[in-house]
Protein chains: 2
Amino acid sequence: MSYKVLIVEDLQELLEAMSDFYREKGAGLWEVVTASDGKDALAKVAGNDFDLMILDIMLPGASGFDICKAARSKGDCPIIFVTALGSENSILKGYETGCDDYVVKPFSLKQLYAKSLGLLKRAKKNQDSDLLSCGSISLNKRTMLVKVNDREVSINAKEYFLLVYLLENKNSVLTRRAILERVWKDDLDVTDRVVDTAIRRLRDNLGEASGQIKTVIGRGYRLTEE
Amino acid sequence: MSYKVLIVEDLQELLEAMSDFYREKGAGLWEVVTASDGKDALAKVAGNDFDLMILDIMLPGASGFDICKAARSKGDCPIIFVTALGSENSILKGYETGCDDYVVKPFSLKQLYAKSLGLLKRAKKNQDSDLLSCGSISLNKRTMLVKVNDREVSINAKEYFLLVYLLENKNSVLTRRAILERVWKDDLDVTDRVVDTAIRRLRDNLGEASGQIKTVIGRGYRLTEE
DNA sequence: TTTCCCGTGTCACACTCGTGTCACATCGAT
DNA sequence: ATCGATGTGACACGAGTGTGACACGGGAAA
């Protein structure tokens with residue numbers, strides 16, 4: 001498993017120094033992509049999914065801010081700005097456009113690298129806690145998208161929260177009461193049987209993965225890997 | 001009750017300092033097992049069930065990652081990595097392989113010890129009070145899953161609650177009356193003999209562990225370790 | 001506003017499967 | 001050997017669950 005990093009810098013020597021550092025230091029951890037002008041950078045942002053971007057602000061073609069905006073409209077990978085000494089207002093603008101960190105020239109490669117790892121770890125943690133999966137079912141709590149075998153499926157609100165609860169407790173048997181208390185919360189003046197109906201509709205929408213929801217007679221339901 | 005900790009470190013002095021610290025500090029709380037190379041560590045992981053592992057990453061024989069993977073494939077005991085200063089990518093990789101925490105050399109033993117206790121407490125919380133076991137039978141009250149020799153078996157509702165009662169009173173003789181009052185609760189207008197039937201069905205489903213339910217003629221049933 | 005549609009709760013019916021009961025076989029104690 | 005206690009197979013009933021249909025209500029579209 002390697003992480004894809006985009007480094008954008010017009011000063012050729014610095015660009016090489018940085019990319020070499022990432023290639024060597026990580027020992028295979030990084031896949032480095034470089035660009036030395038704004039247009040090239042924008043094209044590469046559009047055509048790839050990066051795990052990290054390091055953007056110089058002053059660039060020919062397009063500014064680092066433009067690239068940042070383009071990246072943000074596409075995803076939310078961590079971005080570090082590289083800025084010249086004394087241009088603090090640039091930094092401010094950088095945070096506005098949504099960068100995660102910045103370094104001021106001249107900077108040490110080691111320091112930049114440390115920041116990279118920190119951001120990456122944070123991003124990973126966030127993703128992990130947002131991403132639920134079990135067998136062929138995966139669910140992203142942030143985007144609220146549900147996929148079965150990487151194909152997107154659409155489900156309704158109640159089914160969604162029910163699925164989240166099932167995923168958060170996969171392999172456990174969940175009683176109707178527990179499900180009611182978690183998914184229906186306040187409107188507890190409903191029949192136990194609504195759970196059955198919700199499960200049915202969820203199974204319908206899950207299609208081929210419907211078998212992963214097992215009925216445990218007398219006790220409740222259970223989501224299994226297969 | 002003591003906790004079994006595996007400490008793997010090739011630097012002899014450090015290894016001794018750590019193991020001494022755990023032995024003295026815990027005052028009997030810890031059973032310390034040590035290894036100073038990868039091969040030895042892997043053998044000890046395979047041959048024991050640990051409650052905690054502290055793994056150096058750089059080792060002769062096999063890396064801490066390898067040991068971590070081996071441990072993960074076996075169970076989910078908490079793992080703390082010990083890494084040298086400046087090797088942040090190791091930390092990242094550690095989180096990927098599934099470590100729970102890490103310390104960077106040089107570290108204070110006190111700090112490491114605090115992390116240990118924290119992880120242990122967290123792990124305990126997940127297991128304890130929910131887990132019942134007797135001989136080759138284990139039952140998780142939270143997930144409602146029953147295992148015999150680590151193989152999952154499926155049982156029905158009545159059998160499940162009967163087994164819970166048996167497990168909560170293992171080695172005791174339980175009369176039919178007591179079982180009826182606990183497992184059948186309200187529907188007490190049934191024959192004593194339903195217990196026999198329930199026991200029979202439970203034995204069937206427990207398979208190789210069926211012998212653990214002993215009949216005590218004239219009094220009732222009793223769950224034994226073997 | 002009105003109209004329509006979609007999400008959701010409820011009911012009715014069908015059916016599976018768990019469970020209680022009985023009859024008979026077997027076991028064990030005296 | 002005898003008798004009470006327990007194991008075992010079979011069976012029938014009913015609880016628990018799947019499923020289709022419908023009604024209600026809120027939000028979107030006209």
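Numbers restart at 1 for each chain; the letters A, B, ... are given by sequence-line order, proteins then strands.
Among A:T191, A:D192, A:D196, the single residue meeting the side-chain hydrogen bond (donor to acceptor under 3.5 Å, both in side chains) criterion with A:R176 is A:D196. A side-chain hydrogen bond (donor to acceptor under 3.5 Å, both in side chains) with B:S136 holds for exactly one of B:K147, B:Q212, B:R151, B:E226; it is B:Q212.
Between the CZ atom of B:R201 and the P atom of C:dT21 there is a distance of 11 Å, given to the nearest Å. In this structure, A:I213 atom CD1 and D:dT19 atom C1' are separated by 16 Å, rounded to whole Å. Distance, A:D196 CG to C:dT16 P: 17 Å, rounded to whole Å. With rounding to whole Å, A:K185 atom NZ is found 14 Å from C:dG9 atom P. In this structure, B:K214 places its NZ atom 13 Å from P of D:dG7, rounding to the nearest Å. Per the geometry, CD1 belonging to A:I199 stands 17 Å off P belonging to D:dG16, to the nearest Å. Between A:D204 atom CG and C:dG7 atom C1' the separation is 14 Å, expressed in whole Å. For B:D189 and C:dT21, the CG to C1' distance is 13 Å, given to the nearest whole Å.
Proximity of B:T197 to the phosphate of C:dT21: no side-chain N or O atom is located under 4.0 Å from OP1 or OP2. Residue A:R176 has a polar side-chain atom (N or O) positioned under 4.0 Å from OP1 or OP2 of D:dT17. Here A:T215 does not reach the OP1 or OP2 of D:dT17: none of its side-chain N or O atoms lies under 4.0 Å away. Between A:N156 and C:dC6 there is no side-chain N or O to OP1 or OP2 distance below 4.0 Å. OP1 or OP2 of C:dG9 sits under 4.0 Å from a side-chain N or O of A:W184. Contact annotation: A:R203 side-chain N/O to D:dG18 OP1/OP2 distance is under 4.0 Å.
Of the listed nucleotides (D:dG7, D:dA5, C:dT21), D:dA5 has the atom at the smallest distance from the side chain of B:I217.
Within 4.0 Å (heavy atoms only), A:Y160 reaches no atom of the nucleic acid at all. Counting non-hydrogen atoms under 4.0 angstrom, B:A157 reaches the backbone sugars and phosphates but no base.
One finds no salt bridge joining A:K214 and B:E152 here, because no Lys/Arg side-chain nitrogen approaches an Asp/Glu carboxylate oxygen to under 4.0 Å.
Contact annotation: side chain of B:R193 to base of D:dG7, donor-acceptor pair present below 3.5 Å. For D:dG9, the base has a donor-acceptor partner in the side chain of B:R200 [N/O atoms by modelled type, under 3.5 angstrom].
In this structure the side chain of B:Y3 never reaches within 4.5 angstrom of the side chain of B:S116, judged on heavy atoms.
The backbone N or O of B:I213 sits less than 3.5 Å from a side-chain atom of B:R203, completing a donor-acceptor pair.
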